[in-house]
Amino acid sequence: MKKWLLLVMLAVSGMANAAIQLGKDYTMLSTPQPVADPKKVEVIEFFSYHCIHCYDDDPAFNAWSKTLPADVSFRKEQIVWQKSMEGFARMFATFNATGTFDKLHRAAFDAQIKQRVDLSKPEQFTGWIKQQKGVDSAKLLQTYNSFGINAQVARATKITRDYQIQGTPTVIVNGKYVVVTATPERMIQVMNELVAKARAEKK
């Protein structure tokens, strides 16, 4: 069994559970942010394609996301701290807009982290995407360069600022609880506890 899958199973089952503490396992966002659906507990992972820790944690977080009950939503957000990172946000938004995220997300991570292809640069992204099999690269690049994606890049810059993201990965639960970065198994444990806490607060 893969290590990350075992870690997720342990975290979900509570076999390695320990009580979480404010200041140690999580902090509070100084300015809480509204959630997309008030009926659900919202979990957001702020990440970046150039972040090695995000790359390492990605399989465990993705496996965890597939175990979530109907009242919990999970999504990823590519952060933008500076203009040079806008290319990552453009790529991420394009994957989502074209329905190719599941097919291309991990491949893009591999290219950026393992193969040293700088996908934040449009010319390198263009060359890389044309090499991906089973993808309509012309259609995808049309979306990549569209006005709608420009708006998504601006949005990524804004939410990075609004959520006060200082490092990656950063996980925020229900617009206010900030998970302290740790091993993926511990982060998942804390995420589960905070989801339960946020759920109880809704009652």
When you group the ILVMFWY residues by side-chain heavy-atom contacts below 4.5 Å and let the links chain together, are [Y] and [X] in the same group?
X    : Y    : result
I20  : W64  : yes
I44  : W81  : yes
V180 : V178 : no
V72  : V173 : yes
V179 : I172 : no

Quick one: does [X]'s side chain get under 4.5 Å of [Y]'s, heavy atoms only?
X    : Y    : answer
M187 : V171 : yes
V117 : Q112 : no
R90  : Q152 : no
V195 : R199 : yes
K130 : L141 : yes
Q164 : T31  : yes
D37  : E42  : no
L140 : L104 : yes

Measuring from atom [atom1] of [X] to atom [atom2] of [Y], what distance do you get when rounded to the nearest 0.5 angstrom?
X    : Y    : atom1 : atom2 : result
Q82  : S120 : CD    : OG    : 9.5 Å
H53  : T183 : NE2   : OG1   : 12.5 Å
D25  : Y177 : CG    : OH    : 14.0 Å
T98  : K103 : OG1   : NZ    : 11.5 Å
Q131 : T126 : CD    : OG1   : 11.0 Å
I149 : R155 : CD1   : CZ    : 11.0 Å

May I ask you to decide whether [X] forms a salt bridge with [Y], counting only side-chain N to carboxylate O separations under 4.0 Å?
X    : Y    : answer
D162 : K158 : yes
E201 : K176 : yes
K202 : D71  : no

Minimal non-hydrogen separation, [X] against [Y], with atom names:
X    : Y   : answer
T168 : C54 : CB-SG, 3.6 Å
T157 : V80 : OG1-CG1, 3.4 Å
N174 : V41 : OD1-CA, 3.4 Å
P184 : F61 : O-CE1, 4.3 Å
T100 : T94 : OG1-O, 4.4 Å
G175 : L29 : O-CD2, 3.5 Å

Exercise for the section: Ignoring hydrogens and angles, tell me if any N or O in the side chain of T27 forms a donor-acceptor pair with the backbone of L22 under 3.5 Å. Expected result: no
Exercise for the section: Examine distances only and state if a side-chain atom of Q78 and a backbone atom of Y49 form a donor-acceptor pair shorter than 3.5 Å. Expected result: yes
Exercise for the section: Test E77 against R75 for salt bridge (charged side-chain N to carboxylate O under 4.0 Å, His left out), laying out the working first. Expected result: CA-CA 7 Å; E77 294 285 358; R75 73 176 190 270; 2.6 Å; yes
Practice task
Show your working on side-chain contact (heavy atoms from CB on, under 4.5 Å) between D118 and K121 and close with a plain yes or no.
Solution key: CA-CA 6 Å; D118 188 353; K121 299 185 183 319; 3.3 Å; yes
In terms of side-chain heavy atoms, does [X] have a donor or acceptor partner in [Y] at a distance below 3.5 Å?
X    : Y    : result
S137 : Q132 : no
D58  : H105 : yes
H50  : Y55  : no

Exercise for the section: Determine, using ring centers only, whether F88 and F47 are less than 6.0 Å apart. Expected result: no
